[in-house]
Structure formats: C-alpha cells, structure tokens
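All heavy atoms count here, side chains included; hydrogens, waters and symmetry mates do not. In what follows, chains are A, B, ... by sequence order, proteins preceding strands, each numbered from 1.
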Protein chains: 2
Amino acid sequence: MLTIGTLARKTGTKVQTIRYYEQIGLLNEPGRTAGGQRRYAQSDLDRLAFVRHGRQLGFSLDAIRDLLGLSDNPDQSCSQADSIAQQQLVQVQQRILRLQALETELQRMIAECEGGQTGDCRVLEVLRDHSECLTDHDNIGE
Amino acid sequence: MLTIGTLARKTGTKVQTIRYYEQIGLLNEPGRTAGGQRRYAQSDLDRLAFVRHGRQLGFSLDAIRDLLGLSDNPDQSCSQADSIAQQQLVQVQQRILRLQALETELQRMIAECEGGQTGDCRVLEVLRDHSECLTDHDNIGE
DNA sequence: TATAAAGCTATATTCACTAGAGGTTTTTAT
DNA sequence: ATAAAAACCTCTAGTGAATATAGCTTTATA
C-alpha cells in the first residue's frame with residue numbers, strides 16, 4: 001500500500017495534482033486508513049503513470065480520459081486510440097510551425113536592435129508598427 | 001472618436017478582451033459618452049495594436065506591460081526591450097525543441113499501431129509502459 | 001512520548017481570455 | 001417621431017491544468 005507522497009515521488013507529480021486528478025474523476029478513489037489518509041495499490045500507480053505519460057506527450061486530460069477508457073476495454077478497436085494520437089500529432093505540428101514563424105520574427109527584431117535609445121529601438125518599433133497588422137482585420141472602407 | 005466595437009474590429013480583438021485589458025490596467029480608461037459608453041482616441045488604438053502585436057509574438061501580458069513602459073520612456077536604453085525579446089526568443093526555441101521531440105515520439109507510436117485490437121495497440125502500450133518514465137523520478141532504493 | 005513529517009479539506013489563485021444573463025444606449029429605418 | 005435592431009453596459013462565472021495557502025489531523029520516527 002502506497003501513500004500519496006510515494007505515488008507523487010514515483011511519478012513526478014505534485015501531491016495536490018494527484019488529489020486534483022481524483023477530484024475530476026481521472027483516478028479512482030483509493031482506500032483510506034482509519035485516520036482518513038489515502039492508500040494506493042500498484043494498479044493506481046500504473047494508472048497515474050499512464051496519465052502522466054500522456055501529459056508528457058501533450059495530450060489533454062480529456063484525451064487521456066478517452067485513452068484510459070480504451071485501455072480498459074481491450075476488445076475494442078485500436079483505431080480510436082490511433083485517431084486520438086493522430087489528432088495530437090497534427091496539433092503538435094501546427095504548433096511547431098507557428099512557433100518557428102515566431103522565432104524568425106523575433107530573431108529579425110533582435111538582430112536589428114542595436115542597443116541605442118528606445119526612441120530608435122527596433123524591438124519597440126516592430127511592436128508599434130501596426131501598418132501591416134491592422135489591415136489584416138480591416139482594410140475595407142476606412 | 002471610436003467605439004469599442006470599431007477598436008475591436010480594427011485590431012482583431014474581442015470586445016470583452018478590450019474591457020479585460022482595461023480592467024487589468026493594460027489600457028487606459030477611455031472617455032465616456034453621456035450614456036456611459038466608451039469612446040476611444042487614435043492613441044488608444046495604437047496602444048491596443050501594440051498589445052495585440054506583442055501577443056501575436058507570444059509575449060505575456062506582463063512582458064507587454066514592461067514593453068509598453070519602455071515605449072513610453074524614449075530616453076531609456078533599448079537594451080531592456082532587447083533583453084525581454086531575447087528571453088522570449090529563448091523560450092520559443094525551447095518550446096520548439098520539446099515539441100519536435102514529442103512529434104517524433106508520436107510519429108513512432110502511430111507508425112507502429114496497425115489498427116488491431118486495443119490489447120495490442122501500440123499507442124496504448126507506449127502510454128502504459130512506464131518502465132522508463134518511472135525511473136526518471138525515482139530509481140533509488142525501491 | 002514528544003516532535004517532525006506527511007497527510008487532510010477547503011478555498012483561492014494563476015493566465016488570458018471567453019461566455020452569458022439581463023439591462024441600457026445608440027443608430028437606423030420608416 | 002418612433003420603433004426596432006444593433007451595439008453597448010456591468011457583473012458573474014467558466015475554461016484547462018494545475019498550484020498555493022491556511023489551518024488542522026494523522027502517522028512515523030527518536
């Protein structure tokens with residue numbers, strides 16, 4: 001029987017986070033001691049490890065909830081789990097593209113900044129210059 | 001004099017978001033009509049555009065608050081703005097690296113999944129397999 | 001047996017918005 | 001001038017995924 005602290009240590013999770021997962025129904029309510037403290041079995045550790053691994057892969061708690069359900073039903077098709085992972089992959093790839101575009105603009109901004117007065121600061125200038133960005137939203141009739 | 005809706009349209013911001021920015025002190029309180037509606041000047045539009053552009057570049061509202069302050073003090077050195085942008089760049093680059101590692105693992109996971117029963121599903125197996133991940137946090141004495 | 005460490009509940013906070021209820025003002029059309 | 005529609009107002013609550021705090025109780029160790 002494992003205490004919540006041991007579970008936390010073994011999975012790299014904060015104690016409060018484990019209680020939070022229980023609260024939102026992601027983990028089963030464990031048994032309690034006479035004094036009311038939680039005591040976990042190995043299966044609880046496995047389940048928490050599954051959740052944490054999913055989080056490390058960027059899955060939302062909702063997606064993890066689905067994956068847990070699939071994992072509990074070994075007779076169902078694998079294709080649902082696959083499709084959840086596919087969606088996650090697409091999202092990750094989109095995020096990478098956006099961040100790379102952002103990286104480029106930040107680099108350009110910083111490269112052009114020569115450490116002078118803020119009056120000439122390229123960083124601030126880029127932020128101030130809305131000549132392009134405003135017209136993205138409204139270029140009709142004004 | 002611009003209404004809040006016009007400001008929203010011109011900057012691609014939701015009306016509520018503009019009111020939220022005012023509430024947290026990022027935008028100045030604008031003038032009001034006799035009936036109590038907000039009316040903005042061009043300078044308010046410029047400031048909001050600055051904020052939105054900063055958000056597009058991934059700056060936190062706190063960072064933007066600092067940048068706005070620097071922008072208002074043209075006598076200060078540019079180096080502070082530069083350093084905020086540098087920090088942002090580092091963060092973005094770190095996020096890209098993490099996401100790329102994640103992308104690789106997801107791709108491997110999906111590639112090995114052949115759409116069979118969930119009992120053999122590689123996606124679920126990877127999530128279940130904590131042989132590596134547990135030892136990341138606790139490999140001493142248990 | 002005393003004390004320290006770990007646990008407990010309950011509530012609030014974070015970030016950056018977003019949504020909704022229920023009402024008022026302004027604009028537009030007739 | 002008036003009716004209707006569009007836009008505005010405040011206030012409150014919710015999102016995701018935790019994290020933090022206060023004040024208390026239980027368990028483990030010396």
> Inspect the contact between Arg19(A) and Glu22(A) and indicate whether a charged nitrogen and a carboxylate oxygen are less than 4.0 angstrom apart.
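Between Arg19(A) and Glu22(A) there is no salt bridge, as every charged N stays at least 4.0 Å from the carboxylate O atoms.
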
> Respond yes when some side-chain nitrogen or oxygen of Arg9(A) is under 4.0 Å from OP1 or OP2 of dA6(C), and no when none is.
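For dA6(C), neither OP1 nor OP2 has a side-chain N or O of Arg9(A) closer than 4.0 Å.
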
> dT26(C), OP1 or OP2 - any side-chain N/O from Arg39(B) closer than 4.0 Å?
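For dT26(C), OP1/OP2 do not have a side-chain N/O of Arg39(B) under 4.0 Å.
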
> Arg55(A) has a side chain; which of dC17(C), dA18(D), dC9(D) sits nearest to it?
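Comparing dC17(C), dA18(D), dC9(D) against the side chain of Arg55(A), the answer is dA18(D).
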
> Using a heavy-atom cut-off of 4.0 Å across all strands, would you classify Ile4(B) as base, sugar-phosphate, or nothing?
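Here Ile4(B) touches the backbone only, sparing every base.
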
> For Arg19(B), which contact category applies under a 4.0 Å heavy-atom criterion: base, sugar-phosphate, or nothing?
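Base: the residue Arg19(B), judged by heavy atoms under 4.0 Å, touches a nucleobase.
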
> Arg32(A) side chain N/O closer than 4.0 Å to the phosphate oxygens (OP1, OP2) of dT9(C)?
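True: Arg32(A) side-chain N/O within range (under 4.0 Å) of dT9(C) OP1/OP2.
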
> Answer with base, sugar-phosphate or nothing: what part of the nucleic acid does Phe59(A) contact at a heavy-atom distance below 4.0 Å?
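It contacts nothing in the nucleic acid.
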
> Which listed nucleotide (dA20(D), dA17(D), dC17(C)) is nearest to the side chain of Thr17(B)?
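The nucleotide sitting nearest to the side chain is dC17(C).
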
> Which atom pairs link the protein and nucleotides 22-25 of chain C when you take only N or O atoms and keep those under 3.5 Å?
none

> Which listed nucleotide (dC8(C), dC17(C), dA20(D)) is nearest to the side chain of Lys14(A)?
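Minimum distance to the Lys14(A) side chain belongs to dA20(D).
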
> Would you say Tyr20(B) places a side-chain N or O within less than 4.0 Å of OP1 or OP2 belonging to dC15(C)?
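So the side-chain polar atoms of Tyr20(B) never come under 4.0 Å of the phosphate oxygens OP1 or OP2 of dC15(C).
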
> What's the CD1-C1' distance between Ile24(B) and dT13(C), to the nearest Å?
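That distance rounds to 15 Å.
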
> Taking atom types as modelled, find out whether Arg128(A) and Ser71(B) have a side-chain donor-acceptor pair closer than 3.5 angstrom.
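Ser71(B) and Arg128(A) do have a side-chain donor-acceptor pair below 3.5 Å.
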
> Compare the minimum distances between each of dC8(D), dT21(D), dA18(D) and the side chain of Gln16(A), then state the nucleotide with the smallest one.
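Out of dC8(D), dT21(D), dA18(D), the nucleotide with an atom closest to Gln16(A)'s side chain is dT21(D).
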
